[in-house]
Number of protein chains: 2
Amino acid sequence: MTLEIPEVVINRLPVYARALAALAMDGETVVSSQTLGERLDVTPAQIRKDLSYFGRFGKQGRGYNVLGLLAKLREILGLDRKWQVALVGVGRLGQAIAEYGGFEPQGFQIVAVFDSDPAAVGTTVNEVVVRDSEELDTFLRQNPVDIGVVAVPAHAAQQVVDRLVNAGIRAILNYAPMMPHVPLDVAVRNIDPVLAMQSMTFYIKRQDLTGAK
Amino acid sequence: MTLEIPEVVINRLPVYARALAALAMDGETVVSSQTLGERLDVTPAQIRKDLSYFGRFGKQGRGYNVLGLLAKLREILGLDRKWQVALVGVGRLGQAIAEYGGFEPQGFQIVAVFDSDPAAVGTTVNEVVVRDSEELDTFLRQNPVDIGVVAVPAHAAQQVVDRLVNAGIRAILNYAPMMPHVPLDVAVRNIDPVLAMQSMTFYIKRQDLTGAK
DNA sequence: TCCCTGTTGTTACGGATTTCACAACCGTAG
DNA sequence: CTACGGTTGTGAAATCCGTAACAACAGGGA
Ligand SMILES: NC(=O)c1ccc[n+]([C@@H]2O[C@H](COP(=O)([O-])OP(=O)(O)OC[C@H]3O[C@@H](n4cnc5c(N)ncnc54)[C@H](O)[C@@H]3O)[C@@H](O)[C@H]2O)c1
Ligand SMILES: NC(=O)c1ccc[n+]([C@@H]2O[C@H](COP(=O)([O-])OP(=O)(O)OC[C@H]3O[C@@H](n4cnc5c(N)ncnc54)[C@H](O)[C@@H]3O)[C@@H](O)[C@H]2O)c1
């Protein structure tokens with residue numbers, strides 16, 4: 001019944017939601033797919049098509065109610081509630097993540113932090129006690145956590161991912177430079193600035209050859 | 001002549017390259033698309049098709065020479081040379097980026113760092129002096145920089161991007177939570193953990209409804 | 001009331017990407 | 001020197017996704 005929704009579409013929804021939130025801040029009450037598209041470099045048709053997977057949210061001749069559509073998108077994405085996050089690895093990056101103020105306002109709460117280094121265990125990052133990663137399984141089985149964030153060295157990442165998955169977590173944000181293996185029903189997103197750069201070089205190398213100005 | 005190559009293909013090449021480097025480290029000398037695909041969760045056909053855009057690198061019956069293919073990919077992507085990187089914004093995130101040891105070994109050298117805060121200007125991060133972002137244009141016109149990394153607050157990001165672009169930079173790695181506007185000939189990659197999480201919630205919310213064990 | 005402007009929701013089309021399937025080929029063993 | 005298991009490179013088929021186009025409609029003004 002629920003037509004299968006392409007993952008690319010799902011990935012664009014949060015982008016729309018963020019833009020709508022910004023428009024709302026600016027005091028805009030309605031927006032057309034045209035206007036929204038210009039802001040995001042997306043064609044209006046794309047936006048309308050994406051939204052049509054979920055229902056009819058606009059009004060002909062006027063566009064979309066900013067707050068109304070935002071609420072709908074948040075509902076669709078499940079952003080109308082809080083999500084519990086566990087962070088594994090409190091090295092340099094892990095600390096930066098724990099202290100980043102961008103998650104909380106969006107409903108992502110880091111409720112647990114783990115590390116294997118005895119020197120780190122027991123310390124506090126952003127008001128959360130660092131637990132021994134041996135306790136990961138026990139803790140996660142007793143406390144509801146929705147998303148796991150992996151910030152350990154690459155060689156330890158698969159093991160950490162496996163533990164998270166075994167503990168029942170079905171969404172993982174991975175910062176380690178490797179592609180984790182997970183079951184089909186577990187969502188993974190990789191954050192990898194090096195890969196991002198390495199794909200851009202192809203294009204700037206190319207332009208040099210093509211002989212720009 | 002050079003058949004247009006899909007961007008998705010380009011984005012996968014660095015992943016292949018990294019896996020090949022890992023295989024080389026393990027002492028493997030040849031690898032089949034099958035084996036490589038298992039490691040990366042990519043179908044063998046996909047790998048072969050991707051590579052076929054650039055030439056014929058394998059041997060029937062054996063597979064690919066690990067070092068040979070790695071060298072080819074690095075050449076294709078332009079990773080066989082060093083790239084100069086400029087970082088704008090040395091707040092918490094900017095410092096973490098400057099100190100991250102993962103760029104240098106891949107040939108990405110942060111050669112300049114900028115910030116608008118007078119308190120930050122003149123200080124040193126990872127042995128590089130922080131310059132006033134007013135000097136951005138002057139500096140970039142005199143020193144060759146290939147890639148710009150944006151780590152400033154969202155409200156300042158478009159302005160920074162514009163400056164980088166005007167200074168001739170054609171590749172931008174953006175950490176600010178917004179979608180920068182750039183000319184067609186400028187490559188952009190956005191790093192945004194919040195968006196990543198916000199798309200995963202759709203799937204884990206869904207599973208809850210479907211009623212998993 | 002009727003017409004005009006603006007914008008949606010949707011269907012149909014076409015292009016892009018992935019998958020399939022197999023002929024061609026390599027190296028080895030007999 | 002032939003046969004065989006293994007694997008590539010690649011067209012053709014299948015699937016996925018984005019774009020175009022337009023009927024339907026909302027609101028406002030004459
Ligand atoms: N994607 C990015 O933007 C980005 C940026 C920086 C670093 N990284 C990657 O993130 C990871 C961490 O980087 P870092 O600079 O913080 O490294 P780090 O060495 O400073 O920190 C790693 C932490 O993980 C802990 N750890 C190791 N094995 C563990 C295990 N099995 N269980 C729990 N904790 C464990 C260590 O004790 C340490 O505290 C690395 O893989 C690095 O490549 C990614
Ligand atoms: N993608 C991620 O993983 C991630 C993580 C953390 C933060 N962020 C984002 O990165 C950005 C920086 O985060 P932060 O925590 O470092 O913030 P911050 O406030 O600590 O640092 C921002 C820095 O940018 C400087 N700056 C401001 N305007 C500038 C301008 N016009 N030119 C040059 N420099 C300017 C400020 O002086 C400051 O030093 C924010 O947009 C934040 O949302 C992204």
Side-chain angles (χ1 to χ4, degrees), chain A residues 1-13 15-16 19-20 23 28-73 76 179 184 199 202-203, chain B residues 1-16 19-20 23 28-70 72-73 76 179 184 199 202-203:
Chain A
M1 220 243 97
T2 304
L3 196 53
E4 203 49 56
I5 294 154
E7 183 165 335
V8 270
V9 172
I10 301 301
N11 291 338
R12 278 191 295 265
L13 262 28
V15 180
Y16 300 160
L20 288 167
L23 285 167
E28 301 290 334
T29 61
V30 292
V31 67
S32 65
S33 57
Q34 171 76 45
T35 309
L36 188 58
E38 278 164 15
R39 264 179 102 114
L40 297 173
D41 253 319
V42 172
T43 64
Q46 175 103 84
I47 293 174
R48 294 202 300 277
K49 185 79 187 283
D50 286 350
L51 296 178
S52 77
Y53 281 101
F54 303 96
R56 316 158 119 225
F57 309 119
K59 259 207 184 97
Q60 278 116 331
R62 305 216 14 88
Y64 302 88
N65 178 291
V66 172
L67 256 18
L69 182 55
L70 177 54
K72 270 296 177 193
L73 287 179
I76 292 164
M179 295 296 176
L184 262 19
S199 64
F202 174 81
Y203 295 101
Chain B
M1 223 250 97
T2 305
L3 195 52
E4 205 48 58
I5 295 153
E7 183 166 335
V8 271
V9 172
I10 301 301
N11 291 337
R12 279 191 294 264
L13 297 186
V15 180
Y16 300 160
L20 288 167
L23 284 167
E28 302 291 333
T29 61
V30 292
V31 67
S32 66
S33 57
Q34 171 77 47
T35 308
L36 188 58
E38 278 164 15
R39 266 180 100 115
L40 297 174
D41 254 319
V42 172
T43 65
Q46 173 98 270
I47 293 174
R48 295 202 300 276
K49 186 74 172 208
D50 286 349
L51 296 178
S52 77
Y53 281 101
F54 302 96
R56 313 154 70 116
F57 309 119
K59 260 209 182 93
Q60 280 114 332
R62 303 206 30 75
Y64 301 88
N65 178 292
V66 172
L67 256 18
L69 182 55
L70 177 55
K72 272 295 177 194
L73 287 179
I76 291 164
M179 296 296 176
L184 263 20
S199 64
F202 174 81
Y203 295 101

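Side chains are part of it too, since the values below use all heavy atoms of this structure and drop only hydrogens, waters and symmetry mates. Order of the sequence lines sets the chain letters (A, B, ...), proteins ahead of strands, with each chain counted from 1.
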Below 3.5 Å is the cut-off: list the nitrogen or oxygen pairs between protein and nucleotides 26-30 of chain D, distance only.
residue	atom	partner	partner atom	Å
D/dA26	O4'	A/Gln60	O	3.2

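- Residues that satisfy the side chain to side chain contact (heavy atoms under 4.5 Å, CB included) test with A/Val15, not counting sequence neighbours, are A/Leu40, B/Met179, B/Leu195.
- The residue among B/Gly58 and A/Val9 whose nearest nucleotide of DNA chain D is located toward the 5' end is B/Gly58.
- Residues passing the side chain to side chain contact (heavy atoms under 4.5 Å, CB included) test with B/Thr29, sequence neighbours excluded: none.
- Protein atom CD of A/Gln46 is 17 Å distant from nucleotide atom P of D/dA21, rounded to whole Å.
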Side-chain donor-acceptor pairs of residues 62-70 of chain B under 3.5 Å, sequence neighbours excluded:
residue	atom	partner	partner atom	Å
B/Asn65	OD1	B/Leu67	N	3.1
B/Asn65	OD1	B/Gly68	N	2.6

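- Rounded to whole Å, the distance from CG on A/Asn65 to P on C/dT7 is 15 Å.
- Atom pair A/Leu51:CG and D/dG18:C1' shows a separation of 15 Å (rounding to whole Å applied).
- Atoms CG and CZ, on A/Asn11 and B/Phe202 in that order, are 10.5 Å from each other to the nearest 0.5 Å.
- For residues 33-57 of chain B, the pairs satisfying salt bridge (charged side-chain N to carboxylate O under 4.0 Å, His left out) are B/Arg12-B/Asp50, B/Asp26-B/Arg39, with sequence neighbours left out.
- Taking every heavy atom of both residues into account, A/Gln46 and A/Tyr16 meet most closely at CG-OH, 3.8 Å.
- For the pair A/Leu36 CG and C/dG6 P, the computed distance is 19 Å after rounding to whole Å.
- Rounded to whole angstrom, the span from the OH atom of B/Tyr53 across to the C1' atom of D/dT8 amounts to 17 Å.
- The interatomic distance linking B/Asp50 (CG) with D/dT10 (C1') rounds to 13 Å, in whole Å.
- For the OP1/OP2 pair of D/dT7 and a distance below 4.0 Å, the side-chain nitrogens and oxygens of B/Arg56 include no atom meeting the criterion.
- In this structure, B/Tyr64 reaches the D/dG9 phosphate: one of its side-chain N or O atoms is under 4.0 Å from OP1 or OP2.
- Taking side-chain N and O atoms only, B/Arg48 has no distance below 4.0 Å to OP1 or OP2 of C/dA21.
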Please tabulate the protein-to-nucleotide N/O contacts below 3.5 Å involving nucleotides 12-16 of chain C, giving atom names and distances.
none

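- As rounded to whole Å, 12 Å separates atom P of D/dC17 from atom CD1 of A/Ile5.
- Legend: residues meeting side chain to side chain donor-acceptor pair (under 3.5 Å) with B/Thr35, ordered by chain and number and at least two apart, are B/Ser32.
- Nearest heavy atom pair, residue B/Ile47 against residue B/Ser33, reads CD1-O, 3.7 Å.
- Atom C1' of nucleotide D/dG18 and atom CD of B/Glu7 are separated by 15 Å, given to the nearest angstrom.
- Between atom CD1 of residue B/Ile5 and atom OH of residue B/Tyr53 there is a gap of 8.0 Å, rounded to the nearest 0.5 Å.
- Residue A/Ser33 has no polar side-chain atom (N or O) positioned under 4.0 Å from OP1 or OP2 of C/dT7.
- Comparing A/Gly63 and A/Ala45 along DNA chain C, the residue whose closest nucleotide (by nearest heavy atom) sits nearer the 5' end is A/Gly63.
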